[in-house]
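To start, the structure itself, in structure tokens.
All figures in this text were calculated on a predicted structure; none of them were measured in a lab. Order of listing sets the numbers, starting from 1, for every ligand and every atom in it.
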Amino acid sequence: MMLTGMHVAIIGGDARQLEVIRKLTELDAKLSLIGFDQLAHSFTGATKMYIDEIDLSDLDAIVLPVHGTNLEGKVNAVFSNEQIFITEEMLLKTPKRCTVYSGISNSYLDELMKKVNRKYVQLFERDDVAIYNSIPTAEGTIMMVIQHTDFTIHGSRVAVLGLGRVGMTVARTFAALGAKVKVGARRTEHLARITEMGLDPFHLQDLEKEVKNIDVCINTVPTMIVTASVISKMPAHTLIIDLASKPGGTDFRYAEKRGIKALLAPGLPGVVAPKTAGQIIANVLSQLLFDDLKKRKEKA
Ligand code: NAP
């Protein structure tokens, strides 16, 4: 599998993008790097340039940072001081075949991509990426629990809320460390799976009752679920780690008022394992680019 003949622009991003650059240059893609001018390291096959220097008419793909852009279209680039914006005018100069990749999207990008009618892929929406990412997320959660408690995870009573891709990995990982793990879900097949995993299942509608004797609560449900009335039932020493995407699913105001430590912990893979997190993106992205190239060759 090689990407010879593919021209890819990597626009902005953090350390994770270095793994993408490494992998794609290894696979012989031609790379234009925008937003990397302050990076001392150089890669063979990759050319650093400024946004106004790139030949957009020749691009097969644009790779944006994990967060895409902000709501004004500005790209975060930790290796540059340049102000980089993704605009309609710019994307319209790319060939029709040009695919745009980001981790997650926002209203600005959704709207823009509809207007310019280019293929747009959000890598973090893929099941495989979410499952691979759940591994560094669980490790980051362990780090946070260790940092913010004075007891061992082993033997502690941990409630995990949600049995999605993150919840399942977190529950399994804490159980493997010797915690007594209970998992809250709302679907009967999830309750069955929790039982199969050797953990204690409970229905999320019983959450208030179930938090009365826990030491740690780890939320993965992206909706307000750890409410004031749930928090009021927890022992005072309970640590709440909220992994759900911003703004989380915890009433942080009430937790603070009650003196219960509650922490929103976004983006753990990029924090605890940027290299692995970058490799996860690089592996999936290179496969998608390769599929694209193959399809194009078949058509030609
Ligand atoms: P997921 O696979 O969709 O799992 C979400 C879980 O929440 C599912 O079990 C779902 O149950 C449950 N849920 C959703 N809405 C609910 C509701 N209203 N009431 C009860 N349960 C509900 O998502 P994921 O990949 O595990 O990710 C979970 C969250 O973590 C997301 O917000 C994601 O962005 C975030 N995340 C954070 C990090 C980090 O570093 N902090 C890393 C990765 C992901 P049903 O199947 O019954 O709907």
Side-chain angles (χ1 to χ4, degrees), residues 14-16 65-68 102-107 109-110 122-148 158-175 181-197 199-211 216-227 229-230 239-252 261-281 284:
D14 52 34
R16 285 173 282 188
V66 167
H67 287 99
S102 70
I104 56 174
S105 192
N106 58 32
S107 52
L109 275 176
D110 284 341
Q122 291 148 59
L123 296 167
F124 281 27
E125 283 207 340
R126 294 173 55 94
D127 231 7
D128 52 1
V129 173
I131 292 169
Y132 285 126
N133 260 331
S134 74
I135 301 167
T137 304
E139 291 191 10
T141 310
I142 293 170
M143 173 190 78
M144 295 203 63
V145 172
I146 291 173
Q147 277 173 347
H148 295 280
V158 176
V160 176
L161 313 185
L163 192 75
R165 288 140 331 167
V166 174
M168 186 180 288
T169 306
V170 166
R172 219 198 294 280
T173 307
F174 276 79
V181 178
K182 57 163 86 170
V183 186
R186 59 178 175 180
R187 280 160 50 174
T188 53
E189 62 267 39
H190 283 168
L191 299 175
R193 180 59 70 195
I194 295 159
T195 307
E196 176 276 324
M197 289 165 72
L199 308 175
D200 285 333
F202 67 91
H203 198 288
L204 282 172
Q205 72 197 15
D206 300 327
L207 185 54
E208 288 188 19
K209 193 177 84 206
E210 295 290 341
V211 299
V216 180
C217 177
I218 302 167
N219 177 48
T220 75
V221 175
T223 184
M224 178 48 70
I225 183 168
V226 188
T227 58
S229 101
V230 170
L239 171 68
I240 302 169
I241 305 283
D242 199 335
L243 299 177
S245 50
K246 279 177 196 161
T250 303
D251 188 335
F252 290 99
K261 197 182 268 182
L263 306 165
L264 186 63
L268 287 174
V271 175
V272 297
K275 194 179 176 85
T276 307
Q279 285 166 345
I280 292 167
I281 298 168
V284 176

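- Taking atom 18 (N) of ligand 1 as the reference point, the nearest protein heavy-atom neighbour is Thr223 CG2, 3.3 Å.
- Checking only distances, Arg186 does come within under 3.5 Å of ligand 1, N or O to N or O.
- Applying the 6.0 Å contact sphere to NE2 of His190 captures more than 12 heavy atoms from other residues, nucleotides or ligands.
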- Might you work through the side chain to side chain contact (heavy atoms under 4.5 Å, CB included) test for Val145 and Phe174, ending with a clear yes or no? CA-CA 10 Å; Val145 172; Phe174 276 79; 3.9 Å; yes

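- Side-chain atoms of Asp242 never come within 3.5 Å of backbone atoms of Gly248 as a donor-acceptor pair (strictly under, hydrogens ignored).
- Taking NE2 of His203 as the start and CZ of Arg187 as the end, the distance is 11.0 Å to the nearest 0.5 Å.
- At least one N or O atom of Gly267 sits closer than 3.5 Å to an N or O atom of ligand 1.
- Taking atom 35 (C) of ligand 1 as the reference point, the nearest protein heavy-atom neighbour is Leu243 O, 3.4 Å.
- Nearest-heavy-atom check against atom 44 (C) of ligand 1 across Val166, Thr169, Leu204 picks out Val166.
- Protein non-hydrogen atoms do not reach within 4.0 Å of atom 10 (C) of ligand 1.
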Working note: Thr169 + Arg165, criterion side chain to side chain contact (heavy atoms under 4.5 Å, CB included); need CA distance, chi angles, decisive distance, verdict. CA-CA 7 Å; Thr169 306; Arg165 288 140 331 167; over 6 Å; no

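- Atom numbering of ligand 1 starts at 1 in the shown order; those under 4.0 Å from a heavy atom of Leu268 are 39 (C), 40 (O).
- Atoms NZ and CD, on Lys182 and Glu210 in that order, are 4.0 Å from each other to the nearest 0.5 Å.
- Compare Ser245, Ala244, Gly184, Gly164 by their heavy atoms: the one nearest to atom 8 (C) of ligand 1 is in Gly164.
- For Gly162, no nitrogen or oxygen atom sits less than 3.5 Å from a nitrogen or oxygen atom of ligand 1, counting backbone and side chain alike.
- Counting only heavy atoms of the protein, atom 23 (O) of ligand 1 lies nearest to Arg165 NH2, 3.7 Å.
- Against a heavy-atom cut-off of under 4.0 Å, Pro269 is close to the following atoms of ligand 1: 40 (O).
- Polar contact check, Pro222 against ligand 1: no nitrogen or oxygen pair lies under 3.5 Å apart.
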| field | Audit row: Leu163, Met168, side chain to side chain contact (heavy atoms under 4.5 Å, CB included) steps and yes/no | value | CA-CA 5 Å; Leu163 192 75; Met168 186 180 288; 4.0 Å; yes

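- Where the criterion is an N or O separation shorter than 3.5 Å, residue side chain and backbone included, Leu163 meets it with respect to ligand 1.
- Within ligand 1, the atoms closer than 4.0 Å to a non-hydrogen atom of Ala265 are 39 (C), 40 (O), 41 (N), numbered from 1 in the order shown.
- The closest approach between any non-hydrogen atom of Pro266 and ligand 1 is below 4.0 Å.
- Regarding atom 42 (C) of ligand 1, its nearest protein heavy-atom neighbour is Thr137 OG1, 3.2 Å.
- When side chains are defined from C-beta on, Phe202 counts as touching Leu161, because their heavy atoms get closer than 4.5 Å.
- Checking only distances, Arg187 does come within under 3.5 Å of ligand 1, N or O to N or O.
- The shortest non-hydrogen separation linking Ala244 to Val221 is CB-O, 3.5 Å.
- Assignment of Thr220 to the shell around ligand 1 is supported, since a heavy atom sits closer than 4.0 Å.
- Atom 12 (C) of ligand 1 has Val221 CG2, 4.0 Å as its closest protein atom, hydrogens excluded (heavy atom only).
- Between His190 and ligand 1 there is a heavy-atom distance shorter than 4.0 Å.
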- Do Ile280 and Val129 pass the side chain to side chain contact (heavy atoms under 4.5 Å, CB included) test, and can you show the C-alpha distance, the side-chain angles, and the key distance before you say yes or no? CA-CA 7 Å; Ile280 292 167; Val129 173; 4.2 Å; yes

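- Closest approach of Ile241 and Ala265 over heavy atoms only: CG2-CB, 4.2 Å.
- Taking every heavy atom of both residues into account, Asn106 and Leu109 meet most closely at OD1-N, 2.8 Å.
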